[in-house]
Amino acid sequence: DAKFYGKNNFKYYSLEIENANNRKMTIINGLHKALENKEFELFYQPKIFTSSKAVAGVEALLRWNHPLHGFISPGEFIPVAEETGMIIPIGEWVLQEACKNYKDWESQGIAPGNLCINISPRQLMDSQLLNKVKSILKEQHFIAQHLEIEITESVAIDNFEDTISKLNQIREFGIKVALDDFGTGYSSLNYLRQFPIDCLKIDRSFINDVMQNCQTAAIVTSIISIAHSLNLPVIAEGVETEEQFNFLYDLNCDYIQGYFISPPVPISNMEEILRKNASP
Ligand code: C2E
Ligand code: MG
Ligand code: MG
Ligand code: MG
């Protein structure tokens, strides 16, 4: 029996690997053509001030519509783009496109305070990152102070010294830095103390069960309290319910983002939100 099941499992297992490999090849091949075929689109999700619910900023979130396989989520293709290096040209497109959209909002008088862009580890390791960002901002006449980049905790810990000096340069230029997905990596409070950042973003997984799990509630309470004692504003991502919102409101969490306010939406819907925000 054991042998029988063993064999069978192996068969399923190898089939699974084969399917996963095919899927990965599809993504790798597709990514090379996605930029020139204009298959990418930016969605936007608002971040609001907890106290007033006014829009403080918007985060650009990349969407890929594959001509044969339909929508592929960034959770699936961003890691592949990272691995293959494709994230470098894709990341430049994201920044360029988002800056263009923001300038458009400015000309309509509806631009929010911050435009937030996700930067993955491979991009941060690119020695040309800051130069490329500078030239895109210059070309778009985009004021650096309106840009915020979101980096994940893990990137900040590998190559600690190098990351710190890069982040310092980025911030000296006027760009803000947020630490995304905070709490999921391995950073200690000592790291947190040394990171040159402007905002701490509590990971969605904590917010997800903050009302069900008192340990999680205690952790979220502590993160906000520690961040505030370091003069760091805090944003909670993945806020889906009014209960979660109220809980965070009571803790003086500075900003909120999540389905409770709005999911990521196409640019036309974002403009609608921004227009309402500009003249409530
Ligand atoms: P992230 O930066 O942590 O973005 C938050 C993710 O949570 C987004 O998933 C967003 O759609 C989702 N989300 C927001 N609010 C809620 C909520 O209330 N409930 C739930 N269940 N989910 C919520 P998305 O858009 O699939 O992006 C996944 C990740 O892909 C992002 O995580 C980011 O790390 C990466 N990514 C997305 N766009 C880009 C990009 O342009 N460049 C780079 N380098 N990475 C990107
Ligand atoms: Mg993010
Ligand atoms: Mg995040
Ligand atoms: Mg996250």
Side-chain angles (χ1 to χ4, degrees), residues 27 31 34-35 39-48 56-65 71-102 114-126 129 132-133 136 147-156 176-185 197-211 223 234-245 247-248 253 255-267 269-270 273:
I27 292 176
L31 279 176
L35 267 180
E39 292 161 14
F40 289 122
E41 181 181 354
L42 289 184
F43 272 36
Y44 289 97
Q45 187 179 33
K47 298 179 174 183
I48 62 153
V58 298
E59 178 176 3
L61 291 158
L62 189 57
R63 297 291 176 261
W64 181 20
N65 205 344
F71 170 75
I72 299 178
S73 100
E76 189 175 6
F77 75 80
I78 295 280
V80 179
E82 276 261 296
E83 215 180 295
T84 58
M86 280 299 291
I87 193 66
I88 302 293
I90 293 171
E92 280 175 44
W93 179 85
V94 168
L95 182 62
Q96 221 153 21
E97 184 73 7
C99 286
K100 263 188 223 159
N101 291 338
Y102 186 94
N114 287 324
L115 174 65
C116 312
I117 305 275
N118 292 287
I119 297 284
S120 50
R122 179 88 174 236
Q123 293 172 272
L124 200 68
M125 273 163 47
D126 175 9
L129 176 71
K132 286 175 189 165
V133 171
I136 290 174
L147 184 64
E148 179 166 80
I149 62 165
E150 298 189 359
I151 59 160
T152 58
E153 222 181 327
S154 56
V155 68
K176 289 182 282 264
V177 177
L179 199 54
D180 205 347
D181 303 338
F182 183 75
T184 55
I197 55 174
D198 301 276
C199 190
L200 194 71
K201 202 166 183 182
I202 304 178
D203 190 65
R204 181 151 61 87
S205 57
F206 292 97
I207 309 307
N208 191 41
D209 71 346
V210 79
M211 303 313 291
I223 292 175
V234 179
I235 175 164
E237 68 175 4
V239 177
E240 295 185 356
T241 68
E242 185 164 16
E243 288 70 33
Q244 292 166 350
F245 180 92
F247 178 83
L248 294 158
C253 181
Y255 307 97
I256 298 285
Q257 190 179 23
Y259 295 173
F260 177 61
I261 304 301
S262 167
V265 293
I267 184 163
N269 302 52
M270 192 66 234
I273 294 174

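Just so you know, these numbers use all the heavy atoms, side chains as well, and skip hydrogens, waters and symmetry mates. In listed order, ligands and their atoms are each counted from 1.
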Hey, which atoms in ligand 1 end up nearer than 4.0 Å to a heavy atom of [X]?
| X | value |
| --- | --- |
| V94 | 41 (O) |
| S120 | 44 (N) |
| G238 | 16 (C), 17 (C), 18 (O) |
| G258 | 15 (N), 18 (O) |
| Q45 | 14 (C), 15 (N) |
| P264 | 11 (O) |
| E59 | 2 (O), 4 (O) |

- Item | Expected output: side-chain S73 to main-chain G75 donor-acceptor under 3.5 Å | yes
Answer side chain, backbone, both or neither: which part of [X] comes under 4.0 Å from ligand 1, heavy atoms only.
| X | answer |
| --- | --- |
| R63 | side chain |
| V239 | backbone |
| L61 | both |
| L42 | neither |

- Message: I'd like to know if E148 and K201 make a salt bridge, using a cut-off of under 4.0 Å between side-chain N and carboxylate O.
- Response: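 Not counted as a salt bridge, because no side-chain N and carboxylate O are separated by less than 4.0 Å.
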Quick check on [X] - does any of its heavy atoms sit under 4.0 Å from an atom of ligand 1?
| X | value |
| --- | --- |
| K201 | no |
| G91 | no |
| E82 | no |
| Q123 | yes |

[X] and [Y]: which non-hydrogen atoms are nearest, and at how many Å?
| X | Y | result |
| --- | --- | --- |
| G91 | Q123 | CA-NE2, 3.4 Å |
| R122 | E82 | NH1-O, 2.9 Å |
| A98 | L42 | N-CD1, 3.6 Å |

- Query: Would you call the rings of F245 and F260 parallel, tilted or perpendicular if under 30° counts as parallel and over 60° as perpendicular?
  - Reply: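 Rings of F245 and F260: tilted, as their planes differ by 30° to 60°.
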- Query: Are a donor atom and an acceptor atom from the side chains of N114 and K176 found within less than 3.5 Å of each other?
  - Reply: yes
- Item | L31 vs F40 side-chain heavy atoms within contact, under 4.5 Å | yes
- Query: Is there a side-chain contact between P74 and R63 (heavy atoms, below 4.5 Å)?
  - Reply: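 SC-SC contact between P74 and R63 confirmed.
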- K132 and I88: CA distance, side-chain angles, deciding distance, side-chain contact (heavy atoms from CB on, under 4.5 Å) verdict: CA-CA 10 Å; K132 286 175 189 165; I88 302 293; 3.4 Å; yes
- Y102 and L147: CA distance, side-chain angles, deciding distance, side-chain contact (heavy atoms from CB on, under 4.5 Å) verdict: CA-CA 10 Å; Y102 186 94; L147 184 64; over 6 Å; no
- Can Y44 and L115 be said to form a side-chain contact (heavy atoms from CB on, under 4.5 Å), step by step? CA-CA 10 Å; Y44 289 97; L115 174 65; 4.1 Å; yes
- Message: Listing by chain and number, which protein N, O or S atoms are under 2.8 Å from the Mg ion (ligand 2)?
- Response: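 Protein N/O/S atoms under 2.8 Å of the Mg ion (ligand 2): E59 OE2, N118 OD1, E150 OE1, D180 OD2.
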- With only distance considered, is L62 within less than 3.5 Å of ligand 1 through an N or O on each side? yes
- Note on the structure: The residue among I202, D203, I256, I207 that forms side chain to side chain contact (heavy atoms under 4.5 Å, CB included) with E237 is D203
- Item | Counterpart residues, side chain to side chain contact (heavy atoms under 4.5 Å, CB included), relative to A56 (two or more places apart) |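 Applying side chain to side chain contact (heavy atoms under 4.5 Å, CB included) to A56 gives F49, Y255.
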